[in-house]
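We're numbering straight along the sequence, starting at 1. Note that ligands are numbered from 1 as they come in the structure, with each ligand's atoms numbered from 1 the same way. Given the structure is predicted, the values throughout are model-derived calculations rather than measurements.
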Amino acid sequence: MIYCSPHAELGPSGVADSSRQKSLPGIFSRIAGTGSYLPEKILTNFDLEKMMETSDQWIRDRTGIERRHIAADGQTTVDMAERAARAALDAAGLAPGDVDFIAFGTTTPDMLFPNCGVLLQARLGCRGVPAFSVETACSGFMYALSIADKFVRAGEARRALAIGAETLSRIVDWNDRSTAVLFGDGAGAVVLEPADAPGILSTHLHADGTYKDLLYCGGGTDLSKTRRTIAMSGNEVFKIAVGTLCKAIKETLAANGLDRSAIDWLVPHQANLRIIQATARRLDLPMERVITTVQDHGNTSAASVPLALDAAVRSGKIKRGQLLVLEAFGGGFTWGSALVRY
Ligand code: COA
């Protein structure tokens, strides 16, 4: 198989030679390594009991969450993403300088611009390569993964980082018990590389902006959106999330002509254990084949799927060659899924 680095694609004028790119043989992408990072500080449900009118029992019964990690003062989304990215590169046996593409899912960027992808690129020292962020809330990693996969398969990237990282503790209203107990901070990353056989078998992305008022956070340039912390209609989000995620998983399996029995692991968005259980139940998937980290991480939005994936890989649950379905759903609404041969 012939691989072409993006630099090798430049013609004499420095302009990318698209005819060469199109003549590339079929390239697949595979996950070469995973990594994650969680901040040191842990906030338990019992800690929350001291901060607001809530209880460990209520939080565990309604969400399955027991604890979440909270970024230290001054620690940013990119700080955490850098740790996750370096861990993923180590796992893949690669150096930061090998990275030639960065897609970064986050809704809690360090700055409005430069974007988090660019800030991470500077930290890693891979100057000149494309780097950007995707703000699709909890499905940010699924979007980043899908885009990175396409660039690798097109021969335009050889070592692509797909990241999900969030510092949600900075956009949570700590006086709103209905949302404050749900979220946590962290980062996850995967490195994709070209492969002869498909690792990422398919990705499926969707969005429906008509639901924009059910889950949102102001703070942008529309000054009429005065709420700068997470606002959510929990009940409605719950119901739509379950139905949508079931459809997304079915779509992923159907696109590959597979039955659910073919899946070794479902790696779902870790928003709420009840959402995960309801989705698994509707699909008749035993919970023994579902990765759950929500109890330890809370909802880390774009970071949740790569965090869960990395935890399961490092604990030895997920093994090379196994078939995974990844899925996430979030504000927008946006949602996405992927079938992955790890
Ligand atoms: N502690 C104790 N009581 C709480 C509470 C808390 N942290 N938060 C809300 N309550 C109370 C409410 O005030 C309400 O009290 P009332 O009956 O006296 O009015 C009661 O609990 C029930 O509230 P409700 O919002 O109906 O609870 P729920 O069963 O829907 O659970 C969520 C709330 C948020 C856990 C649930 O709706 C949910 O998980 N939604 C999806 C959230 C999500 O995952 N979003 C991200 C998707 S990406």
If you count the atoms of ligand 1 from 1 in the order shown, which ones are under 4.0 Å from a heavy atom of [X]?
{"X": "Val181", "value": "7 (N)"}
{"X": "Ile275", "value": "44 (O)"}
{"X": "Asn299", "value": "46 (C)"}
{"X": "Cys138", "value": "48 (S)"}
{"X": "Ala271", "value": "44 (O)"}
{"X": "Val237", "value": "45 (N), 47 (C)"}

Quick one: look up the protein heavy atom nearest [atom] and list residue, atom name and how far away it is.
{"atom": "atom 22 (C) of ligand 1", "result": "Arg62 NH1, 3.6 Å"}
{"atom": "atom 41 (C) of ligand 1", "result": "Gly234 O, 3.5 Å"}
{"atom": "atom 24 (P) of ligand 1", "result": "Asn235 ND2, 4.1 Å"}
{"atom": "atom 48 (S) of ligand 1", "result": "Phe329 O, 3.1 Å"}
{"atom": "atom 39 (O) of ligand 1", "result": "Asn272 ND2, 2.5 Å"}
{"atom": "atom 1 (N) of ligand 1", "result": "Thr54 OG1, 2.7 Å"}
{"atom": "atom 32 (C) of ligand 1", "result": "Trp58 CH2, 4.6 Å"}

Indicate whether [atom] is within a distance of less than 4.0 angstrom of some protein heavy atom.
{"atom": "atom 19 (O) of ligand 1", "result": "no"}
{"atom": "atom 29 (O) of ligand 1", "result": "yes"}
{"atom": "atom 6 (C) of ligand 1", "result": "yes"}
{"atom": "atom 46 (C) of ligand 1", "result": "yes"}

Which one holds for [X] and ligand 1: side chain close, backbone close, both close, or neither close, with close meaning a heavy atom under 4.0 Å?
{"X": "Ile59", "result": "neither"}
{"X": "Thr179", "result": "neither"}
{"X": "Met232", "result": "side chain"}

Does the side chain of [X] reach to within under 4.5 Å of the side chain of [Y], using non-hydrogen atoms?
{"X": "Leu124", "Y": "Leu161", "answer": "yes"}
{"X": "Arg341", "Y": "Pro198", "answer": "no"}
{"X": "Met232", "Y": "Leu182", "answer": "yes"}
{"X": "Thr244", "Y": "Phe333", "answer": "no"}

Kindly check if the number of other-residue, nucleotide or ligand heavy atoms within 6.0 Å of [atom1] ([X]) is above 12?
{"X": "Glu135", "atom1": "CD", "answer": "no"}
{"X": "Lys150", "atom1": "NZ", "answer": "yes"}
{"X": "Arg83", "atom1": "CZ", "answer": "no"}

Nearest 0.5 Å please: distance from the [atom1] atom of [X] over to the [atom2] atom of [Y].
{"X": "Gln121", "Y": "Phe104", "atom1": "CD", "atom2": "CZ", "answer": "12.5 Å"}
{"X": "Ile276", "Y": "Leu285", "atom1": "CD1", "atom2": "CG", "answer": "12.5 Å"}
{"X": "Asp185", "Y": "Lys41", "atom1": "CG", "atom2": "NZ", "answer": "10.0 Å"}

Has the side chain of [X] got a donor or acceptor atom that lies under 3.5 Å from a matching backbone atom of [Y]?
{"X": "Thr77", "Y": "Thr108", "value": "yes"}
{"X": "Arg260", "Y": "Leu283", "value": "yes"}
{"X": "Arg30", "Y": "Ala32", "value": "no"}

Could you check which of Arg177, His269, Arg274 puts a non-hydrogen atom nearest to atom 13 (O) of ligand 1?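 It is Arg177 that holds the nearest heavy atom.
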Does Ala241 come within less than 4.0 angstrom of ligand 1, counting non-hydrogen atoms of the residue? no
Under 4.0 angstrom from ligand 1, any heavy atom of Thr63?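 Thr63: in contact with ligand 1 (<4.0 Å).
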Using the ring of Phe101 (Phe, Tyr or Trp, six-membered ring only), decide whether Arg159 places NZ or CZ under 6.0 Å from its centre and within 45 degrees of its axis. no
